[in-house]
Amino acid sequence: MNEAEKLEIMRHSASHVMAEAILSMFPDAKFAIGPAIENGFYYDFELPRSLSPDDLPVIENKMSEIIKANLPFTRKELTKEEAKKLFANQPYKLELIEDIADEKVGIYQQGKFVDLCRGPHISSTGEIKAFKLMSIAGAYWRGDEHNAMLQRVYGIAFGSKQELDEYLTKIEEAKKRDHRKLGKDLDLFLIPEEIGGGLVIYTPKGGRIRTAVEDFWRKEHFANGYEILYTPHIGLSKLWETSGHLGFYKENMYSPITIDEQDYYLKPMNCPFHILAYKSRIRSYRELPLRWAELGTVYRYEMSGVLSGLMRVRGFTQDDAHIFCTPEQMNAEISEVLRFLLFMLDTFGFPKYKVYLSTRPKDAVGEQQKWEDAQNALRHVIDENKLEYHVDEGGGAFYGPKIDIKIEDALGREWQATTIQFDFNLPERFNMTYVGADGKEHQPYMIHRALLGSWERFFGLLIEHYAGAFPVWLSPVQVKIIPVSDRHNEHARKLEKEFKTQGIRVEVDDRSERMNQKIRQAQLEKIPYMVIIGDKEIAENTVSVRRRSGEQLPTQPLAAFIETVCKEIANKS
RNA sequence: GCCCACAUAGCUCAGUCGGUAGAGCGCAUUCUUGGUAAGAAUGAGGUCAUCGGUUCGAAUCCGAUUGUGGGCUCCA
């Protein structure tokens, strides 16, 4: 057994210890499940009253007593009938017993607490070396919102107090990179209450970053055989009926706007518009594949409880594209999309992401064979690129299989960014066709893809990834000019012009403050380059450059420095 | 939407037992004109999220609403 497995067992045992502590406080507690999770454990309970954060230290103390008593974990096997008697007052356990296929079930006991459990467990409670209860949350029984809401207590547990403290420190550090905090500190974006939850304003600095990313995005899309479309924000109800969105997506759409007695809906997706562009005339196989992209702003109703900074909003801009191709082209197109995606992720320096392949769900549209072919194509390109991936069997959309890529935020939560989805539904619904070499009509393959996902979420991930210290090409201010005293302001303005002419984003700090204060300010703003201008520099027509890292570059002619910065911007470093 | 918590100046936060509000940063003005992470003084700035209740009196206690955070469900 390796360390990770041992730790997992200990964490699982810690959840039982917590359950015992809860039982001593609430003899009528009903117990649901209590597994080990990453870094810790949780247990779900139904209790006579709501727990509050003040309860956590009390529970912790009881747990410590149980751990100190070093009670042994003992395992027994019972028949299902015996188990049902034992757990007669535990409805959730009874339900679990029903679902166990074997005739025998395992139970574990430590102290006064007996739990239905497969195990394994540590031999006695004293083996739990370091733990801490972290939070209380609501959780639906079996994760189904139609079921009762239980109270879940999350805890963490480690092999030593030191490791636990290290983990807590790590969380504190991670909170410092939270995009919501940095967004405020660096003045990148706002989500003002006044306009409503999940609706974002980009301030000038956030706007600069977005522009840099979009410019790059457009250039690369044109270079990679895409054309760019612009489509409206609203469309007639008829359009959304044809697309099926009013049938299967209505709960995510905003109420209609009525104009001239016709209903218009805010778009939750861009696809119907792209399809209409496709259908504007007869298409020949000769013009396929068509790769049509759009930075399309969509609006989706998200439940109030799920909104979260930039990661989960109600209005967002997808870096969307639809690829229409023949069956013969499908494999090459998918391969190309993945290559393009990996290039993008690499450009932004994301080393860590998880790939998910989602396959055919039960209720699916489209021919079985098409699904198989599409799934194989997706699987093939993942293998081709030697990516590790997880298969989500039956997790595909009803209209096609997909590859999703998830990226972790600072706190280790995964957010879906990329999605590459086949669609066997819309070509059918919109009766899309192309004329083949045989002179007959055929239905094209349709692939939706968003590489960055949405600008909002991607920006959030980007902020956290760089901890706000963006590489030069993305930095909203690339160079801060710092005059040593007021009499150097005029020269600083001249330099500013020079930098701007060269396309470098620059600001002059001409406040009547000391140089040290201006440097400090620029450091806090995480500006990559500071250019200090004093008597010496003006006399020699040079610049003194300080990097964000604190590193001091040798005094150099302005032209040389401009060249360095331009090169860095061009290299995206 | 559901569970728990939180909401005080532009930002970060104090505010004890219910007696009508404070700091630092930032901002404005003035002084200072400096050499690689904080020069100084003065000043402005608050319906204590909103609405209602309890009370002689509410930032403080209670309720509702809105928003935010952590989860659940859902998703780019």
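Just so we're on the same page: letters track the sequence lines, and every chain starts at 1.
Nearest to the side-chain atoms of A:V306 among the listed nucleotides B:G70, B:U73, B:A76 stands B:U73. You'll find that the side chain of A:R457 is closest to B:C75, out of B:G35, B:U36, B:C75. Distance from the side chain of A:S135 is smallest for B:G70 among the nucleotides B:G70, B:C4, B:G34. Side-chain atoms of A:R511 lie closest to B:C27 of the nucleotides B:C2, B:C27, B:U36. Of the listed nucleotides (B:C11, B:A38, B:G71), B:G71 has the atom at the smallest distance from the side chain of A:M149.
On a pure distance criterion of 3.5 Å, no polar donor-acceptor pair joins the side chain of A:Y140 and the base of B:G71. On a pure distance criterion of 3.5 Å, a polar donor-acceptor pair joins the side chain of A:E537 and the base of B:G35. The base of B:A76 does not come close enough to the side chain of A:R314 for any donor and acceptor atom to sit less than 3.5 Å apart. On a pure distance criterion of 3.5 Å, a polar donor-acceptor pair joins the side chain of A:D486 and the base of B:U33.
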Just the dot-bracket of RNA chain B, please: which string comes out with Watson-Crick or G-U pairs under 3.5 Å, [ ] for crossing, | for another strand? (((((((..((((.....[..)))).(((((.......))))).....(((((..]....))))))))))))....
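The residue A:R312 sits close to a base: some heavy atom pair falls under 4.0 Å. Counting non-hydrogen atoms under 4.0 angstrom, A:G309 reaches the backbone sugars and phosphates but no base. Contacts of A:L150 with the nucleic acid, taken as non-hydrogen atoms under 4.0 Å apart, are absent. Nucleic acid contact class of A:Y301 (heavy atoms, under 4.0 Å, all strands): sugar-phosphate only. Here A:K536 lies in heavy-atom contact (under 4.0 Å) with a base. Among the protein residues, A:Q151 comes within range of no part of the nucleic acid, since none of its heavy atoms lies under 4.0 Å from any strand. Across all strands shown, A:D320 has no heavy atoms under 4.0 Å from either base or sugar-phosphate atoms. Within the 4.0 angstrom heavy-atom criterion, no nucleotide atom of any strand lies near A:E456. Across all strands shown, A:L51 has heavy atoms under 4.0 Å from sugar-phosphate atoms exclusively, and none from any base. Counting any heavy atom pair closer than 4.0 Å across all strands shown, A:E513 reaches a base atom. Contacts of A:A450 with the nucleic acid, taken as non-hydrogen atoms under 4.0 Å apart, are absent. Backbone-only engagement by A:G143 is indicated by non-hydrogen atom pairs under 4.0 Å involving sugar-phosphate atoms exclusively. Across all strands shown, A:V313 has heavy atoms under 4.0 Å from base atoms, whether or not it also approaches the sugar-phosphate. Within the nucleic acid shown, A:S304 comes within 4.0 Å of at least one base atom, counting heavy atoms only.
Side-chain nitrogen and oxygen atoms of A:Y154 include at least one within less than 4.0 Å of the OP1 or OP2 phosphate oxygen of B:C72. For the pair A:R180 and B:G70, the criterion of a side-chain N or O lying under 4.0 Å from OP1 or OP2 is met. In terms of phosphate contacts, A:R152 brings no side-chain nitrogen or oxygen within less than 4.0 Å of OP1 or OP2 of B:C4. Between A:S50 and B:C4 there is a side-chain N or O to OP1 or OP2 distance below 4.0 Å. Dashed line: the shortest gap from a side-chain N or O of A:Q416 to OP1 or OP2 of B:C75 is not under 4.0 Å. Remark: A:Q517 is in phosphate contact with B:G39, judged by side-chain N or O atoms under 4.0 Å from OP1 or OP2.
A salt bridge links A:K267 to A:E294: at least one charged side-chain nitrogen sits closer than 4.0 Å to a carboxylate oxygen.
Although no hydrogens or angles enter the test, the distance criterion places a donor-acceptor pair under 3.5 Å between the side chain of A:D319 and the main chain of A:L451.
Geometric assessment of A:R152 against the ring of A:Y42 yields a positive cation-pi assignment under the 6.0 Å and 45° thresholds.
Looking at residues 188-214 of chain A, you'll see A:E193, A:G197 sit with a heavy atom under 4.0 Å from some atom of RNA chain B.
For A:R208, the CZ atom sits in a loose shell: 12 or fewer heavy atoms of surrounding residues, nucleotides or ligands are nearer than 6.0 Å.
Just one of A:E408, A:E464, A:E414 meets the salt bridge (charged side-chain N to carboxylate O under 4.0 Å, His left out) condition when paired with A:K352; it is A:E408. Of the listed residues (A:I532, A:V484, A:D510, A:D509), just one forms a side-chain contact (heavy atoms from CB on, under 4.5 Å) with A:K518, and that residue is A:D509.
Here the separation of B:C61 from B:A5, taken at their P atoms, is 13 Å to the nearest Å. For the P atoms, the distance linking B:U73 with B:U20 amounts to 48 Å, nearest Å. Atom P of B:U65 sits at a distance of 13 Å from the matching atom of B:C4, rounded to the whole Å. Nucleotides B:U54 and B:C13, compared at atom C1', are 30 Å apart to the nearest Å.
Look at CG on A:L295: it is 18 Å from P on B:A76, rounded to the nearest Å.
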